[in-house]
There are 2 protein chains.
Amino acid sequence: MADETKNDAKRPGPETTEAWIGLMRARERVLARIEADFKAAGQPPLGWYDVLWELVRADDGRLRPFEIEARTLLAQYNLSRLIDRLVKEGLVRREAFDADGRGQWVVITEAGRAMRERMWRTYGPSIEVHVGARLSVAEARQLAVLLAKLR
Amino acid sequence: MADETKNDAKRPGPETTEAWIGLMRARERVLARIEADFKAAGQPPLGWYDVLWELVRADDGRLRPFEIEARTLLAQYNLSRLIDRLVKEGLVRREAFDADGRGQWVVITEAGRAMRERMWRTYGPSIEVHVGARLSVAEARQLAVLLAKLR
DNA sequence: GCAAAGTAGATGCAATTGCATGTATGTGGG
DNA sequence: CCCACATACATGCAATTGCATCTACTTTGC
C-alpha cells in the first residue's frame, strides 16, 4: 500500500505510512464486524445511530441539519437524505425554524429514542468485543489521544 | 455518539468508546482530505491505488483476485467490479489461471505501473501533510502499534 | 433599500455499493 | 464414479453515494 522508491519532495516516513495504513485497515475491520453485528440483530446501519445519538444529547432532542452535519462529519447531501429515511421510519420529524426561513429543526421522536436504545444494546457490546477487549484501558486512552491529533 | 445510561451486560468503558469514535472520526477526516487532494490532481480514487500497489509488490506484478481481496479488505463483489474498471482503463489485464479453471490472474500493465507512480506523487505528500505533520515519529510508531491490535 | 454574495437545505443524475444469487469448477466421502 | 458441498468469481437489482446544481431565504456593502 505504500512505496519506498524514488525521492521527490515531501515523502512520508515509514512510521507515518504505517500509521495511516493501520488507521484505514483497523477501522475497516472493526467497522465490518460491528456492521455485521447490527445486521445480525436485524437493525439499521450504524449511520442512523450517530444521528439519533446526537439528537438525544442535544437540548430538547433537536438540532439543525448543519449542526448534525458538523457533529457527524456526514456530507450535507447525504445527511439530507438520511433524514428523509429517518422521517419515513418515524424516528425523527422536521419542524420549521422560525428565526431563519432557510432552516429547520430535526426533532427526535419517542420511537427514535427507543430505536437508539435498542441499537445501543447491540452497539455497546459490539464496541466492547471488537475494540475494548483488544486494548487495555491505558492503551485505549493513549489511542484516543493520538487519534485526536489527526483532526 | 456513545451512551452513558443504564447498565446491561457488556458495556464498553469510556476509554474504549472514545478510542472507537476517535478511530472513525480520524479516518473520516484524513481520508476526506486525501481524497480531495486526489480529486484536485485529477486522479482516480484511492481504492485504485491500493490494488495497483499490491500488484506492483507481488511477484510478476500479478495476483489472484482473492489474494487482492485479502490484502486490501475489499469485498469480493466490489473488487470484481473494480477490476473491471481497471481493465477498461488499461491499467491491468485478466489472464487465465491454468491450475484452476475457476481462477484468473490479474496482471498490472505498464500503464498501470505508471499510474501508480503518478498517484503516489499525490498520495505520498498528502499522507505526509495530513498524518505525518501531525505526529512525531514516536507517536506515529505508537499509533501503528495500537491500531495493529485491532486486527 | 437593493443588488451581490453568502448560507441552509434539496435534488437530478451517474457511479458505486450491498445483497442475494448465479455460474463454473474443484474436492471429499462413500 | 458420483453426489453433496466448497470455492472462485460474476451479476441483476435496489439502495446509497458523490457531484453539480438549484431553490429559497439572509446578510452585506454601498
Side-chain angles (χ1 to χ4, degrees), chain A residues 24 27-28 31-51 54-55 62-89 92-107, chain B residues 24 27-28 31-51 54-55 62-89 92-107:
Chain A
M24 296 278 283
R27 104 101 208 197
E28 194 61 34
L31 181 60
R33 292 178 179 127
I34 289 178
E35 289 278 23
D37 289 343
F38 274 117
K39 216 192 132 191
Q43 286 175 5
L46 182 51
W48 291 32
Y49 185 85
D50 288 13
V51 172
E54 293 303 337
L55 289 170
R62 67 180 55 210
L63 287 171
R64 304 276 307 275
F66 77 93
E67 297 174 308
I68 301 176
E69 198 185 321
R71 286 164 169 72
T72 62
L73 304 185
L74 282 164
Q76 182 268 320
Y77 48 83
N78 282 336
L79 175 59
S80 178
R81 291 188 273 218
L82 175 49
I83 294 171
D84 288 346
R85 283 169 235 146
L86 295 174
V87 168
K88 185 150 32 184
E89 297 297 321
V92 307
R93 76 189 120 83
R94 300 183 199 262
E95 266 182 33
F97 178 70
D98 297 328
D100 185 335
R102 297 166 303 182
Q104 64 184 259
W105 285 112
V106 178
V107 190
Chain B
M24 295 277 283
R27 104 101 208 198
E28 195 61 35
L31 182 59
R33 292 178 180 128
I34 289 178
E35 290 277 23
D37 289 343
F38 273 117
K39 215 192 133 190
Q43 286 175 4
L46 181 51
W48 292 33
Y49 185 85
D50 288 13
V51 171
E54 292 302 337
L55 289 170
R62 67 181 56 210
L63 287 171
R64 304 276 304 276
F66 76 92
E67 296 174 310
I68 301 176
E69 199 186 319
R71 285 165 170 72
T72 61
L73 305 184
L74 282 164
Q76 182 269 319
Y77 48 83
N78 282 336
L79 176 58
S80 177
R81 291 188 272 219
L82 174 50
I83 294 171
D84 288 345
R85 283 169 236 147
L86 294 174
V87 168
K88 186 151 28 185
E89 297 296 323
V92 307
R93 75 188 120 84
R94 299 183 201 263
E95 266 181 32
F97 179 70
D98 298 327
D100 185 335
R102 296 165 303 181
Q104 63 183 257
W105 285 114
V106 177
V107 190

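In what follows, chains carry the letters A, B, and so on, assigned in the order in which the sequence lines appear, proteins first and then strands, with residues in each chain numbered from 1.
You won't find any donor-acceptor pair under 3.5 Å spanning the side chain of A:Gln104 and the base of C:dA8, going by distance alone. Side-chain atoms of B:Gln76 and base atoms of D:dA8 include no donor and acceptor less than 3.5 Å apart.
Atom-to-atom, CD of A:Glu67 to C1' of C:dG9 comes out at 14 Å; the value is rounded to the nearest Å. Atom P of nucleotide C:dT17 and atom CD of A:Glu28 are separated by 11 Å, given to the nearest angstrom. Atom pair A:Phe97:CZ and C:dT7:P shows a separation of 16 Å (rounding to whole Å applied). Rounded to an integer number of Å, the gap from CG of A:Asp100 to C1' of C:dG6 is 12 Å. D:dT17 atom C1' lies 15 Å from atom CD of A:Glu69, rounded to whole Å. When the C1' atom of C:dC19 is taken as reference, atom CD of A:Glu35 falls 14 Å away, rounded to whole Å. One interatomic measurement links the two molecules: CD1 of B:Ile83 to C1' of D:dT11, which rounds to 14 Å at whole-angstrom precision. Look at CG on B:Asp84: it is 14 Å from C1' on D:dG12, rounded to the nearest Å.
Comparing C:dG9, C:dT16, C:dC19 against the side chain of B:Arg85 picks out C:dT16 as the nearest. Candidate nucleotides C:dC19, C:dG26, D:dT17 were compared by shortest atom distance to the side chain of A:Asn78, and D:dT17 ranks first. Nearest to the side chain of B:Arg64, among D:dT26, C:dA10, D:dA8, sits D:dA8. With C:dT7, D:dA20, D:dA10 as the choices, the nucleotide that has an atom nearest any side-chain atom of A:Arg102 turns out to be C:dT7. Nearest to the side chain of B:Phe66, among C:dG6, C:dA24, D:dC9, sits D:dC9.
In this structure, the side chain of A:Arg94 does not engage the main chain of A:Trp105 through any donor-acceptor pair within 3.5 Å. With hydrogens and angles ignored, the 3.5 Å screen pairs a side-chain donor or acceptor of B:Arg64 with a backbone N or O of B:Gln104.
Within the nucleic acid shown, B:Arg81 comes within 4.0 Å of at least one base atom, counting heavy atoms only. As judged by a 4.0 angstrom heavy-atom cut-off over every strand, B:Tyr77 is placed among the base-contacting residues.
Comparing B:Leu82 and A:Gly103 by the nucleotide of DNA chain C whose heavy atom lies nearest to each, the residue mapping closer to the 5' end is A:Gly103. Each of B:Trp105 and A:Pro45 has a nearest nucleotide on DNA chain D; the 5'-most of these lies closest to B:Trp105.
For A:Lys39, a side-chain nitrogen or oxygen approaches OP1 or OP2 of C:dA20 to under 4.0 Å.
For the pair A:Leu31 and A:Leu46, the tightest heavy-atom approach, listed with the atom from each and the gap, is CD1-CD2, 3.5 Å. Nearest approach of B:Thr72 to B:Glu54, heavy atoms of both residues: CG2-CG, 4.0 Å.
With B:Leu82 as reference, B:Val51 is the one residue of B:Val51, B:Val92, B:Ile68 to meet the side chain to side chain contact (heavy atoms under 4.5 Å, CB included) rule.
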